[in-house]
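Residue numbers start at 1 and run along the sequence shown. Every number for a ligand or one of its atoms is a count from 1 in the order of the listing. In this text the structure is predicted, and so the values were computed from the model without any measurement.
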Amino acid sequence: MLLLEKHERESLWKQVSEVVENYLEDLPRLRVTPQISVAEARSLFNSMTFDQPLSPEAAVEFAAEGLTRHGIQTSHPRYYGLFNPTGTTMGIAAETLAAACNRQTAAWGHHPFGVELERHLIRAFAAKFGYEPSSADGVFTVGGSEANHTAFLTALTNAFPLFQTEGLRALPAQPVLYASAESHHSLLKAARLCGLGADALRAIPVDENLRMKPGALVSAIREDRLAGHLPFLVVATAGTTNAGVIDPLPELAEITARDKLWLHVDAAWGGAAALVPELRPLLAGIERADSITFDTHKWLSIPLTAGLYLTRHTDVLDRTFRVEPAYVPRDGAAEGVVDSYKHSMQWGRHFLGLKVFLSLAVAGWEGYAETLRHMTAMGDLLRVELQRAGWILLNKTPLPLVCFADAFHPDGQTAPYLEAIGGDVVASGNAWISVTRLGAGTPALRACITSFRTGPDDIRILVEALGRARQSFGRVTTLGAGHFAGA
Ligand SMILES: *Cc1c(COP(=O)(O)O)cnc(C)c1O
């Protein structure tokens, strides 16, 4: 039942590969935002009672239909969304291979190839961030959220040795940490999961470019110390989710070095800039971070999910997760190999590194640099085209993420207007963009280049869709459109 017959398997692989190939080919012509109601989505499963087994062919057909038709097409060249990538082709193949062999990558002895492959990648990426590869360490994580949580745990272990044995209650006061008001929501969850409580996370104000204010950080640390609290961690963001902004890493590294605080850089998507020589200077200072979050399933386009936690403190990572269960074989221990489960909350472990390895092996660093350059250029083109069409830019970043509002409509910078515009574009099926609030609450439309398949035509189609949406809200917009038509 569970292992199909050889002839069934052969036709199954053929069917699956046809679904994959047709999807990759057809995708650019599909609606980006197919609509399905809650009732419709649930009713898809009405006949699926599992009382009557389906043929493999019928089951795959059902799944293929649901997967390829319903829901936002995050791999579409005009999905300008939250950073969900178009998956690399090698990544798609890797997931199949990994599932077929189904290795347990937690323990070196069970999967030497996998553990060493991941170690090789950890060192290669650590080197790109300026860490000394031979002393750098890390672990593959489900994603950036787990990597950030790992950073909190290692920083706590580093600052408070008693945390490992007696927990937070052994500490004489409340540990506190700092991140910019624009940081990712996973930090809030991590603060809760560590037992710190959400209030331990201090939101540091940002400047007019949405970067953390170092002066405000220094004041907050001083106030907390005066109040008897225990500052232990600063989280800088390199590429905010909202606006692609990079906090002032060198200044933050100075402050944390002086105050003996752990510096974690959340470079979940912006970290990929390290692979492009002309973008690398944006990350200057990241080599001074005690730990780094880097998601390969963001800008490196690895199919969801594969994150990385990197650190230059192997000993702290060891102390954070080390356990010695009697039932796990200790192969390689004498030669100093590290079992992945001793660097992570995970025991059962998906072979996350394979899709990264095969993608990088085939594209090479240079292939990746080219791709990231192309995507950056598409972001620049979008900025130019938006301004030409009378939209006003609201964020400053070299990364391909554009926040904007309408310069011409009297309500063009209000949330209801921008929500209506965004809603209209999404409903048109031509593109997916979103609405957000920046800094103190400035409403903005947000479009991020997330697909390496996005080309100049896709930018044009987005700007046209925005123009049509604006026209349906009338008044001054016709003047704006006419004025710019000849520009
Ligand atoms: C995406 C993102 C995260 C969360 O990563 P997941 O892989 O989605 O868990 C954290 N921080 C930043 C800056 C991100 O962009």
Going by an N to O cut-off under 4.0 Å, is there a salt bridge joining Glu278 and Arg373?
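Yes, charged N to carboxylate O under 4.0 Å.
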Run Arg123 and Glu132 through salt bridge (charged side-chain N to carboxylate O under 4.0 Å, His left out) and show every step you take.
CA-CA 8 Å; Arg123 293 191 166 197; Glu132 172 55 47; over 6 Å; no
For the pair Leu217 and Ile255, evaluate side chain to side chain contact (heavy atoms under 4.5 Å, CB included) and give the outcome as yes or no after the intermediate values.
CA-CA 9 Å; Leu217 172 65; Ile255 294 165; 4.1 Å; yes
Quick one about Thr237 and Asp266 (side-chain donor to acceptor, distance below 3.5 Å, no hydrogens or angles considered), yes or no?
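No, because no side-chain N or O of Asp266 sits under 3.5 Å from a partner of the opposite role on Thr237.
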Given Glu287 and Arg312, is the salt bridge (charged side-chain N to carboxylate O under 4.0 Å, His left out) satisfied, shown in steps?
CA-CA 9 Å; Glu287 68 285 351; Arg312 46 192 183 82; over 6 Å; no
Contact residues of ligand 1 (heavy atom under 4.0 Å), by chain and number:
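Shell around ligand 1 (4.0 Å, heavy atoms): Gly143, Gly144, Ser145, Asn148, His184, Ser186, Gly239, Thr241, Asp266, Ala268, Trp269, Asp295, His297, Lys298.
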Going from CD1 on Ile204 to CE on Met212, what distance comes out if it is rounded to the nearest 0.5 angstrom?
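The distance works out to 6.5 Å.
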